[in-house]
2 protein chains.
Amino acid sequence: MDSSDETALHQDAALSRTRLALWQKLQKSASVIEDELRRRLRRDCDSTLPRFDVMAELAAAPDGLKMSEISDRLRVSAGNVTGIVDKLAEEGLARRVAVPGDRRASRVELTEKGQGAFAVLARIYESWINEMLGNLNLDDVEGMILRLDRLVDALDTDEFGALSRKSEER
Amino acid sequence: MDSSDETALHQDAALSRTRLALWQKLQKSASVIEDELRRRLRRDCDSTLPRFDVMAELAAAPDGLKMSEISDRLRVSAGNVTGIVDKLAEEGLARRVAVPGDRRASRVELTEKGQGAFAVLARIYESWINEMLGNLNLDDVEGMILRLDRLVDALDTDEFGALSRKSEER
DNA sequence: TTTAATTGCTTTAAGTTTGAAATTTCATGC
DNA sequence: GCATGAAATTTCAAACTTAAAGCAATTAAA
């Protein structure tokens with residue numbers, strides 16, 4: 001092994017360490033923000049993050065979504081979606097609609113009440129995010145989006161099982 | 001309201017939207033990576049992410065940590081830490097040590113077996129991260145670290161309750 | 001057809017996580 | 001001393017999650 005090989009190895013190792021540090025910061029940021037969102041949703045809106053996430057997916061899908069589509073997009077188990085949708089339905093925020101031609105499946109959609117409730121929630125939610133990310137300026141935000149897009153592309157591509165489905169399906 | 005006010009408002013609204021988009025990407029990246037780590041830890045190492053996280057904190061603290069310190073640093077409930085440490089202790093990977101002068105508290109530290117086990121885990125873990133973040137080069141990584149540091153600083157500063165404790169205590 | 005395989009969803013059991021008591025110990029003021 | 005409040009953990013119940021099993025309906029094959 002000559003010295004240029006050694007240098008290359010050393011650089012690889014250093015980059016690996018730096019990537020690890022990045023992951024730790026990414027993880028911490030995400031969990032700090034998520035915890036705070038959870039707390040505020042519970043405290044101020046009598047709701048939860050999983051419910052908000054499901055409603056957000058439904059609000060973005062004018063024709064509703066099948067249970068399996070919700071489960072794929074949010075990357076949570078099918079059984080879990082059943083429970084969340086059950087509760088939204090109990091509260092009159094969402095409903096299951098029969099799919100003509102397939103009696104196994106059902107489409108889930110927001111009720112009018114659900115749409116109204118989500119519209120309120122979404123505004124508050126965005127303002128919270130805007131507050132929490134308040135010290136990142138436009139350049140920062142765009143720079144990070146650029147790099148995260150690249151990261152997500154790689155994660156989707158790199159086989160990582162169940163998680164690539166989302167982009168494949170679109 | 002004159003036109004310059006309107007422009008300013010519009011820019012604020014646009015920035016708010018962009019920040020929201022950033023958060024969504026951040027959240028997705030983190031959860032995709034986390035899910036994959038969870039899966040691999042279970043499949044290849046017969047372990048879990050919370051256990052790994054606790055061991056990592058302990059490994060980085062030569063004198064061990066109090067239960068409350070673990071709970072603060074990982075931002076999980078105190079009751080949860082009790083359970084995780086119980087299991088690590090059962091398996092001989094960690095132990096509780098009495099704190100002289102305070103019979104309420106106990107200090108948790110890795111056993112030698114625990115240190116050995118963690119050393120192995122940590123190498124594998126870093127290689128996984130290095131693989132998953134493989135398409136981010138040094139510039140990307142450093143650019144993101146820079147911005148995430150600023151974000152974390154703001155999150156710590158901005159009162160956000162329980163979450164600022166970590167940095168305050170150091 | 002009849003059979004087999006797949007799909008979409010729900011149910012169940014087991015394990016996590018949390019938030020709120022409950023417990024024990026420490027610290028302080030009186 | 002003694003009472004009161006705070007601190008460090010643990011216990012406990014409720015909510016959430018997942019993986020696996022189960023069902024019913026659909027599709028494909030023989």
Side-chain angles (χ1 to χ4, degrees), chain A residues 31-32 34-43 46-54 64-91 94-109 161-163 165 169, chain B residues 31-32 34-43 46-54 64-91 94-109 161-163 165 169:
Chain A
S31 83
V32 167
E34 232 181 66
D35 288 351
E36 183 66 16
L37 289 173
R38 242 180 253 284
R39 202 175 66 80
R40 293 188 184 191
L41 279 171
R42 179 178 308 271
R43 192 194 56 189
D46 195 34
S47 187
T48 67
L49 197 50
R51 282 169 45 126
F52 178 85
D53 288 338
V54 168
L65 292 172
K66 290 196 297 182
M67 300 293 281
S68 54
E69 290 174 328
I70 300 174
S71 157
D72 285 344
R73 295 188 187 194
L74 297 180
R75 297 188 317 287
V76 298
S77 66
N80 195 359
V81 174
T82 297
I84 296 171
V85 170
D86 280 352
K87 281 196 188 141
L88 289 176
E90 275 171 28
E91 296 174 32
R95 74 174 143 250
R96 290 177 168 84
V97 181
V99 171
D102 189 343
R103 278 181 296 175
R104 295 166 305 178
S106 57
R107 252 173 348 93
V108 184
E109 58 186 30
L163 313 160
R165 260 174 285 162
E169 283 175 359
Chain B
S31 83
V32 167
E34 236 181 62
D35 288 351
E36 182 66 17
L37 289 173
R38 245 179 250 285
R39 204 174 65 79
R40 292 187 183 191
L41 279 170
R42 182 176 305 274
R43 191 194 56 190
D46 195 33
S47 188
T48 67
L49 196 50
R51 281 169 47 125
F52 178 85
D53 289 337
V54 168
L65 292 172
K66 289 196 297 182
M67 299 293 281
S68 54
E69 289 174 328
I70 300 175
S71 158
D72 285 343
R73 295 189 186 193
L74 297 179
R75 297 186 314 287
V76 298
S77 66
N80 195 1
V81 174
T82 297
I84 296 171
V85 170
D86 280 353
K87 280 195 188 143
L88 289 176
E90 276 172 27
E91 297 175 31
R95 75 176 142 249
R96 289 176 167 86
V97 180
V99 171
D102 191 342
R103 277 181 297 175
R104 295 168 304 177
S106 59
R107 194 163 281 291
V108 185
E109 57 186 31
L163 312 161
R165 261 174 283 161
E169 284 176 356

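What's counted below: heavy atoms across the whole structure, side chains too, no hydrogens, waters or symmetry copies. Every chain is numbered from 1, with letters handed out A, B, ... down the list of sequences.
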**OP:** Check step by step if side chain to side chain contact (heavy atoms under 4.5 Å, CB included) holds for A:Leu65 and A:Val108.
**Re:** CA-CA 5 Å; A:Leu65 292 172; A:Val108 184; 5.6 Å; no

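- At a threshold of 4.0 Å, the pair A:Glu90-A:Lys87 does not count as salt-bridged, since none of the basic side-chain nitrogens sits closer than that to a carboxylate oxygen.
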**OP:** Mind running salt bridge (charged side-chain N to carboxylate O under 4.0 Å, His left out) on B:Glu34 and B:Arg38 for me, showing each step along the way?
**Re:** CA-CA 6 Å; B:Glu34 236 181 62; B:Arg38 245 179 250 285; 3.0 Å; yes

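- Remark: side-chain polar atoms of B:Ser71 are paired, donor with acceptor, to backbone N or O of B:Val76 under 3.5 angstrom.
- Every residue two or more places apart in sequence or in another chain that forms a side chain to side chain contact (heavy atoms under 4.5 Å, CB included) with B:Arg95 is listed here: B:Val97, B:Glu109, B:Thr111.
- Of all nucleotides in DNA chain D having an atom under 4.0 Å from a heavy atom of chain B, the first and last in 5' to 3' order are D:dA7 to D:dT11.
- Here A:Arg103 pairs with nothing under the salt bridge (Lys or Arg N to Asp or Glu O under 4.0 Å) rule; sequence neighbours left out.
- A:Asp53 meets the side-chain hydrogen bond (donor to acceptor under 3.5 Å, both in side chains) test with no other residue; sequence neighbours excluded.
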**OP:** Using a 4.0 Å cut-off on protein heavy atoms (strictly under), produce a 5'-to-3' string for nucleotides 3-13 of chain C with B for base contact, S for backbone-only sugar-phosphate contact, and - for none.
**Re:** ----BSSBB--

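- We find that CG of B:Leu74 is positioned 15 Å from C1' of C:dT16, with the value rounded to whole Å.
- Between the side chain of A:Glu69 and the backbone N or O of A:Lys66 there is at least one donor-acceptor pair closer than 3.5 Å.
- With sequence neighbours excluded, the residues satisfying side chain to side chain contact (heavy atoms under 4.5 Å, CB included) with B:Thr82 are B:Met67, B:Asp86, B:Arg96.
- An angle of 10°, rounded to 10°, separates the two end axes of the helix from C:dT1-D:dA30 to C:dC30-D:dG1, each defined over five pairs.
- Taking 4.0 angstrom as the limit, B:Lys87 places none of its side-chain polar atoms (N or O) nearer than this to OP1 or OP2 of C:dG15.
- In this structure, A:Arg38 and A:Gly101 both approach DNA chain D, and ranking their closest nucleotides by distance from the 5' end singles out A:Arg38.
- Judged as a side chain to side chain contact (heavy atoms under 4.5 Å, CB included), and not counting sequence neighbours, the contacts of B:Thr48 are B:Arg42, B:Pro50, B:Arg51.
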